[in-house]
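Scroll down for the structure; my scribbles are underneath it.
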There are 2 protein chains.
Amino acid sequence: MSVQERKQRERAERERLIVATARELAEQQGWDAVTTRRLAERIEYSQPVLYSHFRGKREIIGAVALQGATELATAVRAATSAADGPRARVAALARAYLDFAARNPAVYDALFQLDGGLAYAQEDTPEPLKDAFAALLETLDEVAGDGVHPGLFTEVFWAALHGLATLSRAGRLLPEDADPRVELLVDRLAIL
Amino acid sequence: MSVQERKQRERAERERLIVATARELAEQQGWDAVTTRRLAERIEYSQPVLYSHFRGKREIIGAVALQGATELATAVRAATSAADGPRARVAALARAYLDFAARNPAVYDALFQLDGGLAYAQEDTPEPLKDAFAALLETLDEVAGDGVHPGLFTEVFWAALHGLATLSRAGRLLPEDADPRVELLVDRLAIL
DNA sequence: GAATCGATCCTAGCACCGCTAGACAATCGA
DNA sequence: TCGATTGTCTAGCGGTGCTAGGATCGATTC
């Protein structure tokens, strides 16, 4: 029994190594550089080993995405819980979100830009994704305004943040005015 | 001289054919299906012919993007000019933008999701891109609010629309509440 | 302790990708 | 009519994601 447990442990450890390496490589050189060959070489196993853990590259991206969702939720909750008052909380949320996207571009891509084979806004949506949305909802709930469904409000606010994040990163928006853009967004969307 | 002109005409015609075929194929089966081999086969020329018109696949995507930018600008202007009053104009703009993204997903991807090798928010940004932004600015200018730079306001509004467009299309948002989301966005962001 | 047998991993290769060198044919100017 | 130029194609390079099948290793059994 103990032998089997050790094997399972080692297997789980290797799976973590794969995901961590994929993430690292993606952050260093972009997802295009994350090929199954390079990934295999970095973990010092052959290519087919990857396929004994994941169905394919897509699932590896998905695994990185789930990791990212958990971290994003944590980052948002940490930022909002440290702020006083609704206005400050919403602003902190927005900054934390955009900061996460800027600091972890590859992870953000895995979450929202690439196809990680994950289900969204559905029954079988993985828990980390639901929880990340919940983290946004917790703070945005109180500023949705009367008669506005908090979920709907959160979706719109989230979409705005997502737009800012992606357009900024793609060079569609100049980075200089990032702060006033956030201020404008918070002041207009949130009802205090 | 006339012979040369005919050749130039034919060459330009073939270039249009390449772009149109790439766009068609992308809309039908997604950009992943747009390979240089398939594209060459569809236009009934060999692969290298593509490279006598474009530096590579990226430039073909860029060409589709520029076409899309022109059409997006036209669609937005048509919608806003048909609306009465600032509120109606902004709402029409938002709907026209999201409608364009939903009806031409591949073109929208070429514009904002994929790398078409185009410069944005810079000196050498191609005219169609500048004009598409200008089309948004024309209408949003009047609802930016006092003391808010219209360009900055347009960027934020655009980012919100872009977020809604991409998250909707990726299945991150359920399509049912599309209308109320737009209403909320317009009511909150625009100062009437 | 040796033999067996199953799990595990790797080598090799598939079909496809973007892109290009070099052979070939068609057309043009002299 | 002939040479030069232009245009196009065939063939192939190195890369991709993914997989079949053989080899090897280690736990189990006698």
Side-chain angles (χ1 to χ4, degrees), chain A residues 1-19 21-23 25-26 28-65 106 109-110 114-118, chain B residues 1-19 21-23 25-26 28-65 106 109-110 114-118:
Chain A
M1 203 39 117
S2 160
V3 169
Q4 242 179 353
E5 281 177 11
R6 195 205 68 223
K7 285 199 172 184
Q8 278 191 355
R9 227 177 25 241
E10 287 174 355
R11 217 185 127 71
E13 176 53 34
R14 194 173 61 182
E15 189 159 316
R16 272 196 301 275
L17 178 64
I18 292 172
V19 176
T21 306
R23 175 175 178 167
L25 191 50
Q28 283 172 357
Q29 311 181 33
W31 277 106
D32 278 352
V34 184
T35 69
T36 54
R37 279 175 180 77
R38 248 192 291 261
L39 188 49
E41 197 193 1
R42 285 227 182 175
I43 64 168
E44 294 181 314
Y45 281 94
S46 73
Q47 239 180 323
V49 164
L50 300 175
Y51 293 86
S52 74
H53 289 271
F54 303 94
R55 284 175 184 278
K57 190 182 170 181
R58 169 190 299 201
E59 263 197 12
I60 297 178
I61 296 173
V64 173
D109 279 349
L114 303 174
D115 180 10
L118 302 175
Chain B
M1 206 34 123
S2 159
V3 169
Q4 239 179 355
E5 283 178 8
R6 195 205 66 222
K7 286 201 172 184
Q8 278 191 355
R9 230 179 19 244
E10 287 173 353
R11 217 184 126 72
E13 175 54 33
R14 193 173 63 182
E15 191 159 316
R16 272 197 300 276
L17 179 63
I18 292 172
V19 176
T21 305
R23 176 174 177 168
L25 191 51
Q28 283 172 356
Q29 309 181 34
W31 277 105
D32 278 352
V34 184
T35 69
T36 53
R37 281 175 178 78
R38 248 192 290 261
L39 189 50
E41 198 194 0
R42 284 229 183 174
I43 63 168
E44 295 181 314
Y45 281 93
S46 75
Q47 240 181 323
V49 164
L50 300 174
Y51 293 85
S52 75
H53 289 270
F54 303 94
R55 283 176 186 277
K57 189 182 171 180
R58 170 190 295 202
E59 264 196 11
I60 298 177
I61 296 173
V64 172
D109 279 348
L114 303 174
D115 180 10
L118 302 175

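Just so we're on the same page: letters track the sequence lines, and every chain starts at 1. Heavy-atom basis, side chains included; hydrogens, waters and symmetry copies ignored.
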*Give a yes or no on whether Glu44(A) atom CD has more than 12 heavy-atom contacts from other residues, nucleotides or ligands under 6.0 Å away.*
no
*asked:* Counting neighbours of CZ on Arg55(A) that are heavy atoms of other residues, nucleotides or ligands and sit closer than 6.0 Å, is the number greater than 12?
replied: no
*Spacing of Lys57(B) atom NZ relative to dG15(D) atom C1', expressed in whole Å*: 14 Å
*Just wondering, are more than 12 heavy atoms of other shown residues or ligands nearer than 6.0 Å to CD in Gln29(A)?*
yes
*Whole angstrom is fine here: how far is it from CD1 in Ile61(A) over to P in dT16(D)?*
14 Å
*Short side-chain N/O contact to dG17(D) OP1/OP2 from Thr36(A), under 4.0 Å*: yes
*Could you say whether Asp32(A) or Arg55(A) is positioned toward the 5' end of DNA chain D, judged by the nucleotide with the nearest heavy atom to each?*
Asp32(A)
_Suppose the criterion is salt bridge (charged side-chain N to carboxylate O under 4.0 Å, His left out): which pairs have a residue in residues 29-40 of chain B, not counting sequence neighbours?_
none
*Roughly how many Å is it from CD in Gln8(B) to P in dC28(C), rounded to a whole number?*
14 Å
*Could you identify which residues of residues 42-53 of chain A place a heavy atom less than 4.0 Å from some atom of DNA chain D, listed by residue number, or say none?*
Gln47(A), Pro48(A), Tyr51(A)
*Whole angstrom is fine here: how far is it from CG in Leu39(A) over to P in dG15(D)?*
17 Å
*Do you know the tightest heavy-atom contact between Lys57(B) and Trp31(B)?*
NZ-O, 3.9 Å
*Identify the heavy atoms of Ala110(A) and Ala65(A) that sit nearest to each other, and give their distance.*
O-CB, 3.5 Å
_Given dC9(C), dG12(D), dT8(D), identify the nucleotide with an atom nearest to the side chain of Arg37(B)._
dG12(D)
*Reckon Arg38(B) touches a base, only the sugar-phosphate, or nothing at all at heavy-atom distances under 4.0 Å?*
sugar-phosphate
*Taking only the side-chain nitrogens and oxygens of Arg58(A), find out if one of them lies under 4.0 Å from OP1 or OP2 of dC18(D).*
no
*Would you indicate what Arg11(B) reaches in the nucleic acid, counting non-hydrogen atoms under 4.0 angstrom: base, sugar-phosphate, or nothing?*
nothing
